[in-house]
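Counting starts at 1 for both ligands and their atoms, in listed order. What you see below is based on every heavy atom in this structure, not just the backbone, and it leaves out hydrogens, waters and symmetry mates.
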Amino acid sequence: ASQMAVPASFNDLATDRETREFFGDIWYQTVVRVPRGWAGQRIGVHLESATHRGTVFVNDTEVITHQGGYLPFEADITDLVAPGEEFRLTVRVNNVLSFQTIPPGVIEDSPHGPKLRYWHDFFNYAGIHRDVWLTARPESHLTDVTVITDIDGTTGRVTYSTEAVGALVTDVVVRDAAGLTVATATGAEGTLDIPDAHFWAPGDGYLYDAEFRMLDGETVVHSYHQSVGVRTVTIDGTKLLVNGQPVYLTGFGMHEDHVTVGKQHIDSMMIRDFECLRWIGANSFRTSHYPYSERVMDYADAQGILVIDETPAVGLNMGLGGGIMGAQGYTTYSPDTINDVTQEVHAQVIRDLIARDKNHPSVIIWSIANEPESETEGAEDYFRPLFDVARQADVSRPVGFVNVMLAPHGACRVSQFADLIMLNRYYGWYVFNDDLVGAEAAFASELEGWSTEGKPIIITEYGADTYPGLHQLPGQPWSEEYQIDYLEAQHRVFDNCDAVVGEQMWNFADFATTAGIMRVGGNKKGAFTRDRQPKSSAHLLRRRWTSTTSPWNRKNG
Ligand code: GCB
């Protein structure tokens, strides 16, 4: 046994290849003492995530297994532990991907032994990336709270529902940011009106505190504080509206990715990321390509950042990157590959994501997949029910998926189910490389096609690999100059297309990937380096996104 940090990805802590590329079971073990003061309470163990599968043991008893690497799970361990006493906590993490996991992967033989391959362009960091908690609750307690907000003139309306163990009276007290009570209600579900409400809006992360309480007579048995941002998200034709006002998204697809620690969540790193977002004038990001730490979602709420919240369904596309990043020669949707079992796992991760993030005002769109194969009949059958799953779980937000270049307008058979169009396009990089004139014309013409759908279009990725410090005049691919020329060409295309309501450049920062001839020490499309310093292009984005002629102002008056 060796020492391992929690939270952290294990991969980059060691110096040997075997550890970095290890796949299989990784055993974590520690000794924990239950606080003596917790006598008489229900005690639980809560993991914010275990990538990609976690099985938890208390002493020698298995208490829970959870599939899916980026969402929380919890087991009640009251009967197995004693207040004041220690117990042995063991977590078996497994990072193997298969055709029945989300994201998918496959183990293939190579001359040097089996290798885990996958079709997504980020390194398969694994381990326990987020905090692990012991929890204590009274016998009667709230298990879930849902809030949906609406606006009626200057009144904020909060419709709530609760779930609980134990038949006690539930009530709710809403306080404003100064701590003054602004609304109250009694009952497990109901509606609260906040007169003259301060609405949550982009750049104004105003949050109320709703305290949900379970009462036994006058005694508060359990209480749960839920922050509430009062806002609406709607679509009107090709407009995306927040609080009835058109918005234009600026920002990035991001990654949870840092030197040494991999996908570990660290508050200080998060604050640096948000400060860089603020500096550059980004009002939004996408949680490409998996749910991020809950701390990130809370912080986005408080900062008034708009979030496209994505499931880990990335790489459901065996035709993409074949031979370069993933394995070659598979059919995406088939009984032996992405099949009914995968579809159910995918449905479950959509439900789990929405269950976790439904109350975040920052979340304005659900993205149920990134760049799946979407131009085939198999794709249409696979995805049709998944949109229903998302809409059943949440009626209050638009649902979409991110379309890949291989399924352009006219060929894509999945966008018909989406409330809006989200496109990843690399005109001037993967196609028309070093030909920005051709790139601009081809991109503009494809967007003309998508505009006829009458739905808002968000460009969720556009970018060019750029090696920081490489300068060339005239700009050529990989140089800082080319990244600037590339972005200027893309921006002209967006500005000329009315239906485009957002641009999220790929990527916020450079990040780790699997090794190969397409990647130089990882993916280098960042506006920032991996240590969060600006490349030249960051200054261009900042000028565009903070000036009075920003696309926001130009398109929305
Ligand atoms: C994409 C993917 C993203 C990749 C990016 C690239 O379309 O969604 O995960 O990193 O392209 O740089 O190739």
Side-chain angles (χ1 to χ4, degrees), residues 69-70 97 102-105 117-125 251-257 263 285-292 308-326 332 365 367-375 400-408 412 414-415 421-433 439 443 446 457-468 477-478 482-483 486-487 490 502-530 535 537:
Y70 306 94
L97 301 171
I102 296 287
R117 313 200 65 174
Y118 40 89
W119 296 269
H120 54 268
D121 182 35
F122 55 93
F123 189 75
N124 185 36
Y125 281 119
F252 304 95
M254 297 182 74
H255 265 303
E256 293 187 314
D257 174 273
K263 290 201 174 312
F285 63 84
R286 176 169 60 117
T287 70
S288 41
H289 297 307
Y290 38 83
Y292 290 1
I308 301 176
D309 203 1
E310 189 159 274
T311 72
V314 54
L316 280 70
N317 200 332
M318 270 95 245
L320 191 63
I324 297 165
M325 18 184 238
T332 302
I365 294 164
S367 165
I368 66 170
N370 179 72
E371 298 197 341
E373 177 182 303
S374 64
E375 70 280 20
F401 82 106
V402 171
N403 163 287
V404 65
M405 232 173 149
L406 297 175
C412 182
V414 174
S415 2
I421 307 294
M422 298 193 276
L423 304 176
N424 292 353
R425 288 299 180 272
Y426 288 91
Y427 290 99
W429 187 254
Y430 291 120
V431 295
F432 295 93
N433 190 274
F443 198 176
E446 196 200 337
I457 301 171
I458 299 171
I459 309 300
T460 35
E461 288 182 26
Y462 62 107
D465 279 283
T466 303
Y467 203 84
W478 290 94
Y482 188 80
Q483 192 179 33
Y486 169 94
L487 293 179
Q490 312 290 309
E503 55 193 55
Q504 295 185 328
M505 184 234 184
W506 191 256
N507 185 283
F508 170 70
D510 294 345
F511 58 92
T513 62
T514 41
I517 53 163
M518 298 283 281
R519 298 287 176 257
V520 182
N523 188 307
K524 289 280 185 273
K525 295 192 184 70
F528 294 89
T529 57
R530 203 178 184 207
K535 297 183 190 169
S537 63

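Checking Arg519, Lys524, Lys535 one by one against Asp465, the salt bridge (Lys or Arg N to Asp or Glu O under 4.0 Å) holds for a single residue, Arg519. Just one residue in the list Phe508, Tyr292, Tyr290 forms a ring pair (Phe, Tyr, Trp, His ring centres under 6.0 Å) with His255, and that residue is Tyr290.
Residues Gly463 and Trp429 approach most closely at O-CB, 3.6 Å, considering heavy atoms. In terms of heavy atoms, Val402 sits closest to Ser367 at CG2-OG, 3.7 Å. Residues Thr529 and Ala509 come closest through the heavy atom pair O-CB, 3.5 Å.
For atom 12 (O) of ligand 1, the nearest non-hydrogen atom of the protein is Lys525 NZ, 2.4 Å. Scanning the protein heavy atoms around atom 9 (O) of ligand 1, the nearest turns out to be His289 NE2, 2.6 Å. The protein heavy atom nearest to atom 7 (O) of ligand 1 is Glu371 OE2, 2.4 Å. The protein heavy-atom contact nearest to atom 4 (C) of ligand 1 is Asp121 OD2, 3.3 Å. Of the protein's non-hydrogen atoms, Glu461 OE2, 2.7 Å is the one closest to atom 8 (O) of ligand 1.
Close to ligand 1: Arg519, with a non-hydrogen atom less than 4.0 angstrom away. Judged by the shortest distance from any of its heavy atoms, Phe122 lies outside the 4.0 Å radius around the atoms of ligand 1. At a 4.0 Å cut-off, not a single heavy atom of Trp429 sits close enough to ligand 1 to count as contact.
Proximity to Phe511 (heavy-atom distance under 4.0 Å) selects the following atoms of ligand 1: 10 (O). Close approach to Asn523 involves these atoms of ligand 1, each under 4.0 Å from a residue heavy atom: 6 (C), 10 (O), 12 (O). The contact set between ligand 1 and Tyr430, taken as ligand atoms under 4.0 Å from a residue heavy atom, comprises 6 (C), 12 (O), 13 (O). Every atom of ligand 1 with a heavy atom of Asn424 under 4.0 Å away is listed here by number and element: 7 (O), 8 (O).
A salt bridge is absent between Glu461 and Arg425; no separation between the charged side-chain nitrogens and carboxylate oxygens falls under 4.0 Å.
When heavy-atom distances to ligand 1 are checked against a 4.0 Å cut-off, Met405 has no atom that comes that close, whether in backbone or side chain.
Residue Tyr467 qualifies as open at atom OH: its count of foreign heavy atoms under 6.0 Å is 12 or below.
Polar contact with ligand 1: present for Asn370 (N/O pair, distance under 3.5 Å).
For the 3.5 Å distance criterion, the side chains of Asn507 and Asn523 fail to qualify, holding no donor opposite an acceptor.
Residues forming a side-chain hydrogen bond (donor to acceptor under 3.5 Å, both in side chains) with Glu375 (at least two apart in sequence, or on another chain): none.
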